[in-house]
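A short worksheet on the structure shown next.
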Amino acid sequence: MPELPEVETIRRGLEREVTGKRIKTVEVHGTRSIRRHKNKKEFIARLEGTKINAVGRTGKFLVFRLDSGDRLVAHLRMSGQLLRAQARDPVPKHTHVVMTFTQGGQLRYVDPRTFGELFVGTPEDVAEHMPELAELGFDPVDEPMSWVVFGELLLRRRQKLKTVLLDQTFIAGLGNIYSDEILFQAGLRYDRTPDTLSSMEIRRLYRALVEVMHEAVKHRGSTLSDSQYVDVFGRPGNYQVEHQVYDREGEACRRCRTPIVRVKFQQRSTFFCPHCQV
DNA sequence: ACGCCCGCCTGTAAGC
DNA sequence: TGCTTACAGGCGGGCG
């Protein structure tokens, strides 16, 4: 579910809520959420007794820096949530990991679809067992680049624009919602190829990428009707009210009133305005 | 090199 | 009111 803006909102919540706290105990239910570990014991032993010094993010990955030198890496995939809780709070269904802090309070990992996962280890362990993290492309919020360099990288690509935007080894953090919103903002169709873009269009695409990401972070991400995404404190985001195309099939384009079109592209929905996007 | 399809899961909503 | 089907913010792998 969460893309860069949602993960960044969660990161900011974690920074406030768990940095400086020491993990007293860890409970793990099932093994699927920690599937890159040999067993639960190893996962638990590496976490218990450590203090969280900082929480970072690259693309859709969260990286907790522990005082042991280890990193705890989390990827929420479609339905993962990290939630602050008190020990006395009822434990919701699909709670896979519970960390209790010496200062009181808990951080819980809840994930109905269990696509998400947690991994803890030395930086070398992380590099070995989670190679995707090292292969991420640039983070449009953390490491902006010039649109000229962006254009050079883009022009090496032969795929359609939406495929390129979704490629985490090129740009880290975009998913289905924001790639559609960025392409609308840039006035470009999802199926254009980079070699057909003018330099003005490349510049527009890069501007749209950075602007949409910053606006979405400012509004604390998008929570859709299913309320799947909430931050660490259980609060929904607000960016969904700013959506121009995503989940707006048949509704009037906010710019030209033409009905928004939905197509299947790579087995997933793509929304666009057939008039504003060329 | 690229696009397409499936699988991984559970929950929800739409359709009959 | 059921039951069945389609689909959902991600991503990796296999195939042609």
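Bear in mind the structure is a predicted one, so any value in this text is a computation, not a measurement. Each chain gets a letter, A, B and so on, in the order the sequences are listed, and its residues count up from 1.
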In whole angstrom, give me the gap between the P atoms of dC5(B) and dA6(C). 15 Å
Please give the distance between the P atoms of dC3(C) and dC9(B) as a whole number of Å. 25 Å
Of Asp226(A) and Phe115(A), whose nearest nucleotide on DNA chain B comes first from the 5' end? Phe115(A)
Arg22(A) versus Thr102(A), side-chain donor and acceptor atoms under 3.5 Å: no
State whether a side-chain donor-acceptor pair under 3.5 Å links Thr9(A) with Arg220(A).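 No, no side-chain donor-acceptor contact under 3.5 Å.
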Glycosidic conformation of dG7(B), syn or anti, with 90° from 0 as the boundary?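 The base of dG7(B) is oriented anti (glycosidic angle more than 90° from 0).
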Measure from [atom1] on [X] to [atom2] on [N] and round the result to the nearest Å.
{"X": "Gln266(A)", "N": "dG7(B)", "atom1": "CD", "atom2": "C1'", "value": "16 Å"}
{"X": "Arg156(A)", "N": "dA1(B)", "atom1": "CZ", "atom2": "P", "value": "14 Å"}
{"X": "Gln159(A)", "N": "dC4(B)", "atom1": "CD", "atom2": "C1'", "value": "13 Å"}
{"X": "Phe265(A)", "N": "dA8(C)", "atom1": "CZ", "atom2": "C1'", "value": "18 Å"}
{"X": "Gln267(A)", "N": "dC7(C)", "atom1": "CD", "atom2": "C1'", "value": "12 Å"}
{"X": "Lys162(A)", "N": "dC2(B)", "atom1": "NZ", "atom2": "P", "value": "18 Å"}
{"X": "Glu249(A)", "N": "dA14(B)", "atom1": "CD", "atom2": "P", "value": "13 Å"}
{"X": "Leu76(A)", "N": "dC9(B)", "atom1": "CG", "atom2": "C1'", "value": "16 Å"}

Check every atom of dA1(B), dG11(B), dG9(C) against the side chain of Arg158(A) and return the nucleotide holding the closest atom. dA1(B)
[N] phosphate, OP1 or OP2, under 4.0 Å from [X] side-chain N/O:
{"X": "Lys264(A)", "N": "dG3(B)", "value": "no"}
{"X": "Gln228(A)", "N": "dG9(C)", "value": "no"}
{"X": "Arg32(A)", "N": "dC9(B)", "value": "yes"}
{"X": "Arg262(A)", "N": "dA8(C)", "value": "yes"}
{"X": "His94(A)", "N": "dG11(B)", "value": "yes"}
{"X": "Ser269(A)", "N": "dC7(C)", "value": "no"}
{"X": "Tyr246(A)", "N": "dG9(C)", "value": "yes"}

Salt bridge or not between [X] and [Y]? Use side-chain N to carboxylate O under 4.0 Å.
{"X": "Arg12(A)", "Y": "Glu15(A)", "value": "no"}
{"X": "Glu48(A)", "Y": "Lys24(A)", "value": "no"}
{"X": "Arg46(A)", "Y": "Asp125(A)", "value": "yes"}

Within 45° of the axis and under 6.0 Å from the centre of the six-membered ring of Phe170(A), does NZ or CZ of Arg157(A) qualify?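 Positive - Arg157(A) is close enough to the ring of Phe170(A) and near enough to its axis.
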Gap between atom [atom2] of [Y] and atom [atom1] of [X] - 0.5 Å precision:
{"X": "Ile260(A)", "Y": "Asp247(A)", "atom1": "CD1", "atom2": "CG", "result": "11.5 Å"}
{"X": "Asp111(A)", "Y": "Thr95(A)", "atom1": "CG", "atom2": "OG1", "result": "10.0 Å"}
{"X": "Ser33(A)", "Y": "Phe115(A)", "atom1": "OG", "atom2": "CZ", "result": "12.0 Å"}
{"X": "Cys273(A)", "Y": "Arg248(A)", "atom1": "SG", "atom2": "CZ", "result": "9.5 Å"}

Mind checking Pro112(A) for me? I need base, sugar-phosphate or nothing, with any heavy atom below 4.0 Å counting as a touch. sugar-phosphate
What pattern of brackets, bars and dots sums up DNA chain B from 5' to 3', given Watson-Crick or G-U wobble pairs under 3.5 Å, [ ] for crossing pairs and | for another strand? .|||||||.|||||||
Please check if atom CZ in Arg207(A) has more than 12 non-hydrogen atoms from other residues, nucleotides or ligands closer than 6.0 Å.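 At most 12 heavy atoms, drawn from other residues, nucleotides or ligands, come within 6.0 Å of this atom.
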Using a 4.0 Å cut-off on protein heavy atoms (strictly under), produce a 5'-to-3' string for nucleotides 11-16 of chain C with B for base contact, S for backbone-only sugar-phosphate contact, and - for none. SS----
